[in-house]
Protein chains: 2
Amino acid sequence: MATSRERDDPLLLDRQICFPLYAATNLLNRRYGPVLRPLGLTYPQYLVMLVLWEEEPQTVGSLGARLYLDSGTLTPLLKRMEAAGHITRSRDPDDERRVVVGLTEKGRALREQALHVPETIASGRTPEGIEELGNSVRKLVALLADQNSKA
Amino acid sequence: MATSRERDDPLLLDRQICFPLYAATNLLNRRYGPVLRPLGLTYPQYLVMLVLWEEEPQTVGSLGARLYLDSGTLTPLLKRMEAAGHITRSRDPDDERRVVVGLTEKGRALREQALHVPETIASGRTPEGIEELGNSVRKLVALLADQNSKA
DNA sequence: ACAATTAATATTGTTCGCAATATAATTTCC
DNA sequence: GGAAATTATATTGCGAACAATATTAATTGT
């Protein structure tokens, strides 16, 4: 009889593409934690700062579009960042539905310290072809985002 | 003066390898949700079932080692799965520190329905070289897990 | 044998992440 | 110009995910 360990079993954990992505994300998040803690940021908060350091101000919606997160996630996260003094939140006078997110001086200054983060994370052996891997996952993200938006 | 938009800025969001992994995981989780809901499973619960369908019973520790999760995550998750009737939890009589996790009949039967999950998720266009991508991410996971354990 | 150490899991507190829903402002369309 | 539809954000409720700590059982050293 067929067992659950057959090579062509579609449910083998090691055949799931999703699982290594899930595991890598958890492991990376665990690695970023101690590095970002001295900056007073969590990993998703760090991503918000990366976006704001590139372009500021942004609306909640534009941040969500860039990071693939919705307001249910962003609103409380941004409130915590506001309480920590990193960002400002205010209604757009021209369209009161929008909330405009900007950097405080403290938030802008934090960029200097954050410059060390990437190399700190990458210290130690970096796997072969990490650049190519990044590009492949970016394509996957684009495809998933496109398919999700159509569904 | 140097702006934050320079091509070699280490803080550009699009240069971060971590971000596409994070985004892909979120997008995939969002896609699995509706597919798994009829089975009464969340995505991490589905992963636990995949492991148990391969080999049963398992301890909390062996599940955590396989999925790169600790007891703080697994204990409440397994309790919810027990409450849902998918699994059993009991102390190992030979070593009362261990909690042994097994499948109920309902949990075993669920495998039939789960057989359709992978193809349902993969329906639609699959990106070029998805196999190779899986292997690359698996290598990254192995490296990260190794480095984290040594730290 | 028994105190000290180690191992396995559980608990607590905080922060995501999302679906579903609610609220309020703006556009559209007649 | 005003009702209806749309847009943008917020709220609620639930399920992860993890650090730090606690609890209990097994193992080790003397």
Side-chain angles (χ1 to χ4, degrees), chain A residues 22-38 40-48 57-65 67-84 86 89-101 144 148 151, chain B residues 18 22-38 40-48 57-65 67-84 86 89-101 148 151:
Chain A
Y22 169 83
T25 297
N26 284 341
L27 289 166
L28 270 173
N29 190 40
R30 239 170 289 179
R31 171 178 291 218
Y32 270 93
V35 179
L36 293 175
R37 185 184 305 276
L41 294 172
T42 64
Y43 179 66
Q45 289 174 7
Y46 170 69
L47 293 179
V48 168
Q58 300 248 354
T59 65
V60 174
S62 63
L63 286 171
L67 300 175
Y68 304 100
L69 296 172
D70 65 10
S71 73
T73 299
L74 282 175
T75 296
L77 184 150
L78 294 172
K79 284 184 178 175
R80 282 187 288 271
M81 294 179 75
E82 183 185 31
H86 296 313
R89 295 167 67 247
S90 56
R91 290 280 166 183
D92 181 348
D94 294 342
D95 185 343
E96 297 249 337
R97 293 172 306 179
R98 297 174 196 268
V99 167
V100 177
V101 179
L144 287 170
N148 281 10
Chain B
C18 53
Y22 169 83
T25 297
N26 285 343
L27 288 166
L28 269 173
N29 190 39
R30 239 170 291 178
R31 172 179 291 219
Y32 270 93
V35 178
L36 292 176
R37 184 185 304 276
L41 294 173
T42 65
Y43 179 66
Q45 289 174 7
Y46 170 68
L47 292 179
V48 168
Q58 301 248 354
T59 67
V60 173
S62 63
L63 286 171
L67 300 175
Y68 304 100
L69 296 172
D70 65 8
S71 73
T73 298
L74 281 175
T75 296
L77 185 150
L78 293 173
K79 283 184 177 175
R80 282 186 287 270
M81 294 179 74
E82 183 184 30
H86 297 314
R89 294 167 67 247
S90 55
R91 290 280 167 183
D92 180 349
D94 293 343
D95 185 343
E96 296 251 335
R97 294 172 305 180
R98 297 174 196 267
V99 167
V100 176
V101 178
N148 281 9

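Values below: all heavy atoms of this structure, side chains included; hydrogens, waters and symmetry mates excluded. Residue numbers start from 1 in every chain, and the chains themselves are labelled A, B, ... in the order their sequence lines are given, proteins ahead of strands.
Residue Arg80(B) places at least one side-chain N or O closer than 4.0 Å to OP1 or OP2 of dA16(D). OP1 or OP2 of dC16(C) sits under 4.0 Å from a side-chain N or O of Thr42(A). The side chain of Thr75(B) places no N or O atom within less than 4.0 Å of a non-bridging phosphate oxygen (OP1 or OP2) of dT9(C). OP1 or OP2 of dA16(D) has at least one side-chain nitrogen or oxygen of Gln45(B) nearer than 4.0 Å.
A donor N or O paired with an acceptor N or O is not found under 3.5 Å between the base of dA8(C) and the side-chain atoms of Ser71(B).
Taking atom CD of Glu96(B) as the reference point, atom C1' of dA26(D) lies 11 Å away to the nearest angstrom. The nearest whole Å value for the distance from the CZ atom in Arg91(B) to the P atom in dA7(C) is 17 Å. Distance CG (Leu78(B)) to C1' (dA10(C)): 12 Å, rounded to an integer number of Å. Here dA10(C) presents its P atom at 14 Å from CG of Leu69(B), a figure rounded to the nearest Å. Computed from coordinates, the Lys79(A) NZ to dA10(D) C1' distance equals 7 Å when rounded to whole Å. The separation between Arg89(B) atom CZ and dA10(C) atom C1' is 9 Å, rounded to whole Å. Separating the CZ atom of Arg97(A) from the P atom of dT9(D) is a distance of 9 Å, rounded to the nearest angstrom. Tyr32(A) places its OH atom 21 Å from the P atom of dT15(C), with the value rounded to the nearest Å.
Residue Gly72(A) is in base contact, counting any heavy-atom pair closer than 4.0 Å across all strands shown. Within the 4.0 angstrom heavy-atom criterion, only backbone atoms of the sugar-phosphate kind lie near Asn26(B); the bases stay farther away.
Of the candidate nucleotides dT9(D), dC18(C), dC16(C), dC16(C) has the atom lying nearest to any side-chain atom of Leu77(A). Closest approach to the Val99(A) side chain among dA10(C), dA10(D), dA25(D) is made by dA10(D) (side chain taken as heavy atoms from C-beta onward). Of the candidate nucleotides dA8(C), dC16(C), dA19(C), dA19(C) has the atom nearest to the side chain of Arg37(B).
A donor-acceptor pair under 3.5 Å is formed between the side chain of Gln45(B) and the backbone N or O of Thr42(B). Remark: side-chain polar atoms of Asn29(A) are not paired, donor with acceptor, to backbone N or O of Tyr32(A) under 3.5 angstrom. With Ser71(A) contributing its side chain and Leu74(A) its backbone, the two residues share no donor-acceptor pair below 3.5 Å.
In terms of position on DNA chain D, the residue among Tyr22(A) and Asp92(B) whose nearest nucleotide sits closer to the 5' end is Tyr22(A). Nearest-nucleotide mapping onto DNA chain C: of Tyr68(A) and Asp94(A), the residue sitting toward the 5' end is Tyr68(A).
Salt-bridge check for Glu96(A) with Arg91(A): failed, with every basic side-chain N at 4.0 Å or more from each acidic carboxylate O.
The line from CG of Asp70(B) to CG of Asn26(A) is 10.0 Å long, rounded to the nearest 0.5 Å.
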